[in-house]
Asker: 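My questions will all concern the structure given below.
The chains referred to below are lettered A, B, ... by the order of the sequence lines, with proteins before strands, and numbering in each begins at 1.
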Amino acid sequence: MKNFALVDCNNFYVSCERLFDPSLWHRPVVVLSNNDGCIIARSEEAKMLGIGMGEPYFKAEPVMKRHGVKVLSSNYALYGDMSRRVMDVLQQLEAEVEVYSIDEAFVVLPVIIDRSLKAYAASMRRLIRQYVGIPVSIGIGPTRTLAKLANRLAKKEAKYQGVFDISECESVETLLAESATGDVWGIGQRYAEKLHKHGINTALQLRDANDAWLRKTLTVAGLRTAIELRGISCIGAQDVPSARKSIVSSRSFGKPVSSLEELKEAIASYATIAAEKLRAQGLIASSLQVVLSTNRFNKHLPQYSASQTVNLAQPTANTATLLCQAITSLEHIYKPGYQYQKTGILLAELTSADSRQLPLFGQDIERPDLMQALDRVNARWGRNTLQFAAAGLAKPWSMNQRYKSPAYTSQWDQLPVAS
DNA sequence: TCTGGGGTCCTAGGACCC
DNA sequence: TCTGGGGTCCTAGGACCC
């Protein structure tokens, strides 16, 4: 029988920061989202202070000040690089690895004869610790959903030393009965509320619920989750992200923005980032959507949000083309008199740049050679060394990042120095 | 004053066709 | 009185994940 291991990095962003700054050990640390908005990673010490996941920074600030919590802005260059290293260690194994997110991977475990799955997982854990330095927890089960649940136990109970195999559990029923529906992978707040209304509060009750009813209430997604809890694997690798279907670039502003001129700069900047991502993956886009919105949390201000989607005449990865279209769309949906909080661009209907069709009529303006030169300069000398004037220079609207650590592993001038 | 960003999938309903 | 049926495609909105 097939078994899955879910390898999940503990407090990943905090662990990355700690690798390069030992003063962060043994004290509460949090990492903030973009724009220093919410708390998205917490050390164990911070969790113990009752600081919630996703909590707005300004709300938690008084408690954190009182307890001397170290606050950091997110440093995705660092986390992305450390993630790659962790995944590299897993890829060395004689097993199939599905990278699921920046800090998680499913490993389809090989059939092992000379030792237990638990021992195998424990050695994975040691290797990652030794080669990368990041602590991980590993949950094992016959389905991805059960492996996820096992992982919670591995994290929560110190006695398991970071590895928990659900098949070694004395009573799976007891374990499921002690898990809330909301702890199950695939059951979010809304689904948990719906289930609660029908008296279903535990993973065990969810497992044993009526199929037709589940299908009707939670769609096939909910039904699949229940089936997985029964030990039948039906959420497959194809449901785990593989080929990109869309690319988004959007940011909240550091301060509210009202003028069209500033919004145009911002959307041009995000279009530039999206186009870079597109080219880095060898893709071209056929559809472009621009979104614009005010701050939905501020009930005192007039609210407005809009979006426009356009199909491009020619699929493209050319920054100039995308940027011009993005500005045109923005002008189309912009209304004066509002305080905007966010704008963004979504590229969709992505296909491989290799199979690009040349236009039947008119000129081909794609210029991949020019874009390649642009990307090379920026890779060599740093992002935005060469940029389009439309994206602006001062960028007064740009997001807050007040507490950012250096790009220790991805910028020459920011390497850690041993002294 | 201050509330992230980037993804995926599913469904219902409307438009349109024969 | 009574107004087809079945199919496809598209989109918006809602749900989930980390």
Side-chain angles (χ1 to χ4, degrees), chain A residues 6-9 11-13 30-41 52-62 64 71 73-74 76 79-80 83 98-106 144-145 148 151 181-195 214-225 235-256 270 273-274 277-278 281 287 289 291 293-301 305-309 311 339 341-350 399-403:
Chain A
L6 176 69
V7 181
D8 190 323
C9 300
N11 317 327
F12 183 54
Y13 297 169
V30 300
V31 176
L32 305 178
S33 65
N34 270 329
N35 212 26
D36 294 340
C38 297
I39 291 159
I40 53 166
M53 178 66 180
E55 205 175 322
Y57 172 44
F58 74 91
K59 281 189 184 167
E61 202 177 1
M64 299 205 291
V71 176
S73 300
S74 37
Y76 288 104
Y79 312 149
S83 171
E98 302 158 0
V99 175
Y100 177 66
S101 74
I102 194 165
D103 70 336
E104 277 175 70
F106 287 106
R144 291 176 179 80
T145 303
K148 271 272 192 185
N151 191 280
T181 50
D183 295 338
V184 176
W185 187 43
I187 306 297
Q189 202 187 326
R190 297 301 168 91
Y191 280 6
E193 281 167 15
K194 280 187 181 179
L195 289 166
L214 282 168
R215 172 81 174 71
K216 199 177 78 186
T217 317
L218 309 182
T219 81
V220 295
L223 176 58
R224 284 196 195 124
T225 295
I235 297 178
Q238 68 271 24
D239 295 315
V240 175
S242 48
R244 280 270 166 288
K245 296 196 171 163
S246 63
I247 287 174
V248 168
S249 175
S250 71
R251 301 272 183 288
S252 295
F253 302 128
K255 59 175 182 62
Y270 305 155
I273 294 169
K277 286 190 201 169
L278 202 56
Q281 297 176 46
S287 153
Q289 181 179 39
V291 298
S293 65
T294 52
N295 185 347
R296 68 185 199 280
F297 293 104
N298 195 334
K299 305 290 183 216
H300 307 299
L301 290 176
S305 85
S307 72
Q308 187 186 56
T309 307
N311 290 313
Q339 296 199 18
Q341 187 229 1
K342 181 176 181 170
T343 185
I345 178 172
L346 181 145
L347 304 177
E349 287 173 54
L350 310 181
M399 66 178 178
N400 296 319
Q401 282 190 302
R402 279 164 287 187
Y403 318 104

Asker: Contact class for A/Ile187 (heavy atom, under 4.0 Å): base, sugar-phosphate, or nothing?
Answerer: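 Sugar-phosphate only.
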
Asker: What nucleotide, of B/dG4, C/dC17, B/dC2, holds the atom closest to the side chain of A/Tyr76?
Answerer: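 Closest of the options to the side chain of A/Tyr76: B/dG4.
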
Asker: Of all the nucleotides listed (B/dG5, B/dC2, C/dC17), which has the minimum atom distance to the side chain of A/Asn298?
Answerer: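 The answer is B/dC2.
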
Asker: Describe the nucleic acid contact of A/Ser249 in one word from base, sugar-phosphate, nothing, applying a heavy-atom distance below 4.0 Å.
Answerer: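 Contact class for A/Ser249: sugar-phosphate only.
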
Asker: Take the angle between the ring planes of A/Tyr100 and A/Trp185 and call it parallel below 30°, perpendicular above 60°, tilted in between.
Answerer: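 Rings of A/Tyr100 and A/Trp185: perpendicular, as their planes differ by over 60°.
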
Asker: Touch check for A/Ser246, heavy atoms < 4.0 angstrom, all strands: base, sugar-phosphate only, or nothing?
Answerer: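 Sugar-phosphate, backbone atoms only, no base.
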
Asker: Using a heavy-atom cut-off of under 4.0 Å over every strand shown, decide if A/Arg402 touches base, sugar-phosphate, or nothing.
Answerer: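 Here A/Arg402 touches no strand at all.
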
Asker: With nearest nucleotides of DNA chain B determined for A/Thr219 and A/Pro256 from heavy-atom distances, which residue corresponds to the more 5′ nucleotide?
Answerer: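 Mapping each residue to its closest nucleotide by heavy atoms, the 5'-most match is A/Pro256.
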
Asker: In terms of ring plane angle, is the pair A/Tyr13 and A/Tyr79 parallel, tilted or perpendicular, where the classes change at 30° and 60°?
Answerer: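 Because their plane-to-plane angle is under 30°, the rings of A/Tyr13 and A/Tyr79 count as parallel.
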
Asker: Would you indicate what A/Arg296 reaches in the nucleic acid, counting non-hydrogen atoms under 4.0 angstrom: base, sugar-phosphate, or nothing?
Answerer: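 Touches nothing.
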
Asker: How far does CZ of A/Arg144 sit from CG of A/Leu6, to the nearest 0.5 angstrom?
Answerer: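 It is 10.5 Å, given to the nearest 0.5 Å.
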
Asker: Does A/Glu104 reach a base, just sugar-phosphate, or nothing at all? Heavy atoms under 4.0 Å.
Answerer: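 Sugar-phosphate, backbone atoms only, no base.
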
Asker: Between A/Gln341 and B/dG4, is there a side-chain N or O to OP1/OP2 distance below 4.0 Å?
Answerer: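 For A/Gln341, the contact criterion (side-chain N or O under 4.0 Å from OP1 or OP2 of B/dG4) is met.
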
Asker: Starting the side chain at C-beta, find the nucleotide from C/dC17, B/dG5, B/dG7 nearest to A/Trp185.
Answerer: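 Taking heavy atoms from C-beta onward, the closest nucleotide is C/dC17.
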
Asker: Touch check for A/Asn400, heavy atoms < 4.0 angstrom, all strands: base, sugar-phosphate only, or nothing?
Answerer: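 Nothing, no nucleic acid heavy atom in range.
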
Asker: Is the phosphate of C/dC17 approached by A/Lys148 (side-chain N or O, under 4.0 Å from OP1 or OP2)?
Answerer: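 No, because none of the side-chain N or O atoms of A/Lys148 sits under 4.0 Å from OP1 or OP2 of C/dC17.
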
Asker: Hunt down the Watson-Crick or G-U wobble partner of C/dA12, both distances under 3.5 Å, from any strand shown, or write none.
Answerer: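 Pairing partner, where one exists within any strand: B/dT11.
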
Asker: Looking at every strand, decide which applies to A/Ile247 at a 4.0 Å heavy-atom threshold: base, sugar-phosphate, or nothing.
Answerer: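 A/Ile247: backbone/sugar contact only, no base atoms under 4.0 Å.
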
Asker: Give A/Val31 one of three labels, base, sugar-phosphate or nothing, depending on what nucleic acid heavy atoms sit under 4.0 Å from its own.
Answerer: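 Since no nucleic acid heavy atom lies under 4.0 Å of A/Val31, the category is nothing.
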
Asker: Over all strands shown, is A/Gln401 touching base, sugar-phosphate only, or nothing at heavy-atom distances under 4.0 angstrom?
Answerer: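 No contact at all - A/Gln401 keeps every heavy atom at 4.0 Å or more from the nucleic acid.
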
Asker: How would you label the contact of A/Tyr57 with the nucleic acid (heavy atoms, under 4.0 Å): base, sugar-phosphate, or nothing?
Answerer: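 Nothing, no heavy atom under 4.0 Å.
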
Asker: Can you tell if the side chain of A/Val30 reaches within under 4.5 Å of the side chain of A/Glu55, non-hydrogen atoms only?
Answerer: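 Side chain of A/Val30 against side chain of A/Glu55, heavy atoms only: no contact under 4.5 Å found.
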
Asker: So, is A/Arg251 close to the B/dG6 phosphate, meaning a side-chain N or O under 4.0 Å from OP1 or OP2?
Answerer: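 Yes, such a contact exists.
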
Asker: Are A/Thr225 and A/Leu214 side-chain neighbours, meaning at least one heavy-atom pair lies under 4.5 Å?
Answerer: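 A side-chain contact under 4.5 Å is absent here.
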
Asker: Please say whether more than 12 non-hydrogen atoms of neighbouring residues, nucleotides or ligands are located less than 6.0 Å from NZ in A/Lys245.
Answerer: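 No, the 6.0 Å shell around NZ holds no more than 12 heavy atoms from other groups.
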
Asker: Phosphate oxygens OP1/OP2 of B/dT11: is one of them under 4.0 Å from a side-chain N or O of A/Lys216?
Answerer: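 No, outside the criterion.
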
Asker: Need one value for A/Gln289: base, sugar-phosphate or nothing, where a base atom within 4.0 Å counts as base even if backbone is also close, heavy atoms only.
Answerer: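 The answer is nothing, as A/Gln289 stays clear of every strand by at least 4.0 Å.
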
Asker: From C-beta outward on A/Asp103, which listed nucleotide comes closest to its side chain: B/dT8, B/dG4, C/dC18?
Answerer: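 Given the options B/dT8, B/dG4, C/dC18, the side chain of A/Asp103 is closest to C/dC18.
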
Asker: Check whether any side-chain heavy atom of A/Asn311 lies under 4.5 Å from a side-chain heavy atom of A/Glu349, and answer yes or no.
Answerer: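 A side-chain contact exists here, since the closest heavy-atom pair is under 4.5 Å.
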
Asker: Within the structure shown, what part of the strands sits under 4.0 Å from A/Lys255 by heavy-atom distance: base, sugar-phosphate, or nothing?
Answerer: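 Nothing, no nucleic acid heavy atom in range.
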
Asker: Where the side chain of A/Tyr191 is concerned, which of B/dG5, C/dA15, B/dT3 is the nearest nucleotide?
Answerer: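 Of the candidates, C/dA15 comes closest.
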
Asker: Considering heavy-atom distances to DNA chain B, does A/Val220 or A/Ser33 have its closest nucleotide positioned more toward the 5' end?
Answerer: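 Closest to the 5' end, via its nearest nucleotide, is A/Ser33.
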
Asker: Reckon A/Arg190 has a side-chain N or O less than 4.0 Å from the OP1 or OP2 of B/dC10?
Answerer: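 Result: no.
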
Asker: Report yes if a side-chain nitrogen or oxygen of A/Ser250 is closer than 4.0 Å to either non-bridging phosphate oxygen (OP1 or OP2) of B/dG6; otherwise report no.
Answerer: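 Checking A/Ser250 against B/dG6: at least one side-chain N or O falls below 4.0 Å of OP1 or OP2.
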
